[in-house]
Amino acid sequence: VRVTLVVNTADTGAIEALRRHVEALRQAGSTVRPRVTFEAGDARVFAREAAEEGHDLVVAAGGDGTVNEVVNGLYDWLDEAGYAPDALPRLAVVPLGTGNDLAGALGIPGSVDEAMGVAVDGLAAPLDVAAVNGRRFLNVSTGGFGAAATDDAPTQAKRILGPFAYVLTALRTFATHPTTSARFTAGGEVLYEGAFLAFAVGNTWRTGGGTRITALAEPDDGLLDLCIVQEMGALESLALAPRVRAGTHLDHPGVLYQQVRTVRVDSAEDLRVNADGEPVDGREFRYEILPRRLRVMVPQPSPDAEPAGLGDPDRAG
Ligand SMILES: [Mg+2]
């Protein structure tokens, strides 16, 4: 197996653990090329080169931003080379960021040892890849308070509070962020036109360190989950914020939730949207989904979770 390991972390303990896994893989006969990022964009280049050189697996050891760069790097090569998507290396994730939303959504464990176990011995699941204006993402793209929350969460606060930094910042910006207006179109049909506090287009259910704004999203159903939080009063929005965090907001009268294949967002003013934490600016945003287009290493299903075990008295004990 030929493996590229993209490392983006300052965690020396994690680096030491990765070193042991590189050693073990090499002893088992694999070719492993570790590549350490120095500045933004490096992970994208490393992933692209891994695809170009026909590597079988790219392990993204970092945060969701690193994973996003790796996915875009793989697609840079695919777009140029014009091969079928199954020519791409498999993607594995060792979650070493703050939010670790993709790993959280896919059940990839947080320890380096366990995550490397999934990378090497897990299941290669063909997952959908979402895109906004050509920028690929695996998780969720948000506009409105979500984008502001990710941008504003101070690094220091993220370090101390972890995922809670996002919800605190979101609560604050939810109440103070000026609303903007947009038209949301899917399949030629206008789904919503007017002022909104936030919207999200999700391939998975998890963003901002665990916020379930696209609570029903499945990463392999060929659909994007669109959630629009309409304009509402400050008190109402403050009450709604924790429900958005928990994913219990879907039946709120000010929330529109729909599963679609494409979405187009036309904003009345300049808008910043983020895709897996990376900013995309503009007034027109075209979302699309590429069904089951990337093989991502996920944990093997646990024997306890087998559907056959449900309601089967012979297996219950
Ligand atoms: Mg989906």
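No hydrogens, no waters, no symmetry mates; every other heavy atom, side chains included, goes into these values. Note that this is a predicted model, so its numbers are computed, not measured. For ligands, and for the atoms within them, numbers begin at 1 and follow the listed sequence.
Residues G63 and N100 share a closest heavy-atom pair of CA-OD1, 4.3 Å.
Around the Mg ion (ligand 1), the protein atoms of type N, O or S that sit closer than 2.8 Å are E218 O, D221 OD1, L223 O.
Looking at T180 and E269, their side chains do bring a donor and an acceptor atom within 3.5 Å of each other. Residues N68 and E278 have side chains that never bring a donor and an acceptor to within less than 3.5 angstrom of each other.
Residues D76 and R48 are not paired through a salt bridge, judged by the lack of any N-O separation under 4.0 Å between the basic side chain and the carboxylate. E53 and R2 are not joined by a salt bridge, as no carboxylate oxygen comes within less than 4.0 angstrom of a charged side-chain nitrogen.
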Return all side-chain donor-acceptor pairs below 3.5 angstrom for residues 192-200, not counting sequence neighbours, or 'none' if the list is empty.
unit_1: Y192; atom_1: OH; unit_2: A195; atom_2: O; d: 2.6

